[in-house]
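Whatever order the structure lists them in is the order used to number ligands and atoms, beginning at 1.
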Amino acid sequence: MRSLPFTKNDLEAMAAKWPTPFHIYDAAAISRNAEALKAAFKWNKGFREYFAVKATPNPHILKLLSKHGFGCDCSSLAELVLSEKSGITGQNIMFTSNDTPGEEFLKAYELGAVINLDDITHWPFLLETIKEVPELMCCRYNPGPTRDGNDIIGRPEEAKYGLTYEQIFQCYEMMRDAGVKRFGIHTMIASNELDRRYIVETADMLFKLAVELNEKLGIKIEFVNIGGGIGIPYKPEQEAINLDILGQEIHDAYKKIIEPSPLSEVALYMECGRSITGPYGYLVSRVLHFKDTYRHYAGLDACMSNLMRPALYGAYHEIVVPGKENSPDQLVYDVTGSLCENNDKFAIGRKLPRLERGDFVVICDTGAHGHAMGFQYNGKLRSAELLLEEDGNVRQIRRAETLDDYFATLSFDEL
Ligand SMILES: *Cc1c(COP(=O)(O)O)cnc(C)c1O
């Protein structure tokens with residue numbers, strides 16, 4: 001079983017103040033991981049990670065990461081405003097959106113964010129919207145059939161994102177001719193990828209494209225953004241990507257492609273979300289009911305509103321029962337929530353220590369796309385988020401929703 005950064009007694013103390021369910025994030029572990037990523041890429045002078053805000057859109061997390069030099073990768077108005085309110089602005093924001101409303105381009109431009117276009121038609125749309133030519137521009141490349149797919153994001157050829165190879169050259173030419181002075185190039189074609197080679201191939205592909213853009217259009221690409229997509233080992237038998245080796249292998253590609261080219265140096269950017277916070281968040285709940293029908297069910301006080309991934313992707317999440325980690329008395333359970341959807345199950349056929357009502361059940365790896373994917377279907381409310389700070393204190397960084405929040409958008413006046 002996974003070891004947790006808190007004990008059952010710690011949880012009792014937290015739950016006395018903030019009732020379950022809640023998500024809790026381990027700040028010390030997030031910080032260590034952020035520094036490990038930076039160390040793996042310190043060979044690249046301009047290396048920068050732009051944290052994908054959608055993974056954990058909480059200002060306290062964004063602030064913590066910004067202390068390690070991370071920027072924000074945003075793709076909506078709300079995420080832009082969240083970054084702004086967290087004190088992260090200008091080129092510390094990468095705006096990687098798609099099917100983008102004009103107001104979002106406007107806000108990104110006002111904040112001085114790096115604007116990353118998802119389509120060639122967005123270039124004239126952007127100009128009409130902001131009525132100026134940005135100094136710095138970036139486009140998202142979709143390599144189409146030249147690259148294989150990845151389970152979550154799908155095959156590049158079938159993905160809605162990015163410009164084709166031909167469009168990339170057309171778009172950068174248009175941007176150059178319109179007066180754009182500085183350029184970057186981006187792609188994002190993997191999600192939850194645990195095969196290091198795929199990430200290295202992506203860097204290799206973009207390095208080559210940067211050199212080709214320089215050869216054909218005479219423009220200088222100053223950064224290459226290989227997107228996010230580094231996976232995490234949700235399952236016990238899976239292994240995390242070794243960041244040091246990843247860094248070395250991307251450095252090898254860089255030495256081969258960029259250094260001998262007229263570009264001679266480019267900054268390497270990433271916009272990982274999952275691998276930055278995913279393993280360091282936990283959904284803490286308690287057992288509410290048992291039910292023995294055709295199977296043994298353990299019903300929690302959490303449901304898929306708190307964590308969508310199992311229902312959405314059939315995703316596996318480790319479950320720990322604090323205080324019973326080494327119990328030999330085990331039983332096979334379906335661990336469920338209370339939503340009127342039969343896929344509201346955190347685990348199916350999972351062998352766990354024999355549970356009792358009130359036991360804490362900790363669902364691991366919920367630090368990314370956990371609380372963030374929450375929704376209010378069936379009138380289930382989103383939980384609180386807590387931060388286990390580096391000094392051991394626990395602080396609430398988002399309160400739980402209340403019925404008033406649920407009703408805030410409704411009017412009963414003219415019924
Ligand atoms: C979701 C997303 C990311 C982050 O992906 P992870 O798999 O969480 O690393 C980065 N960039 C874009 C454009 C995204 O949509």
Is the Lys NZ or Arg CZ of Arg32 less than 6.0 Å from the centre of Tyr280's six-membered ring, within 45° of the axis?
no
Contact table, ligand 1 N/O with protein N/O, distance under 3.5 Å:
| residue | atom | partner | partner atom | Å |
| --- | --- | --- | --- | --- |
| ligand 1 | 7 (O) | Gly229 | N | 3.4 |
| ligand 1 | 8 (O) | Gly273 | N | 3.4 |
| ligand 1 | 8 (O) | Arg274 | N | 2.8 |
| ligand 1 | 9 (O) | Gly229 | N | 2.8 |
| ligand 1 | 9 (O) | Gly273 | N | 2.9 |
| ligand 1 | 11 (N) | Asp73 | OD2 | 3.2 |
| ligand 1 | 11 (N) | Glu271 | OE2 | 2.7 |
| ligand 1 | 15 (O) | Lys54 | NZ | 2.7 |

According to ring pair (Phe, Tyr, Trp, His ring centres under 6.0 Å), who are the partners of Tyr377, at least two apart in sequence or on a separate chain?
none
May I ask you to decide if the ring planes of His251 and Trp43 are parallel, tilted or perpendicular, using 30° and 60° as cut-offs?
parallel
Any cation-pi pair here, Arg2 with Tyr282, using under 6.0 Å and within 45°?
no
With under 30° as parallel and over 60° as perpendicular, where do the rings of Tyr172 and Phe183 fit, or are they tilted in between?
tilted
Examine Arg382 relative to Tyr406 and say whether NZ or CZ is less than 6.0 Å from the centre of the six-membered ring and inside a 45° cone about the ring axis.
no
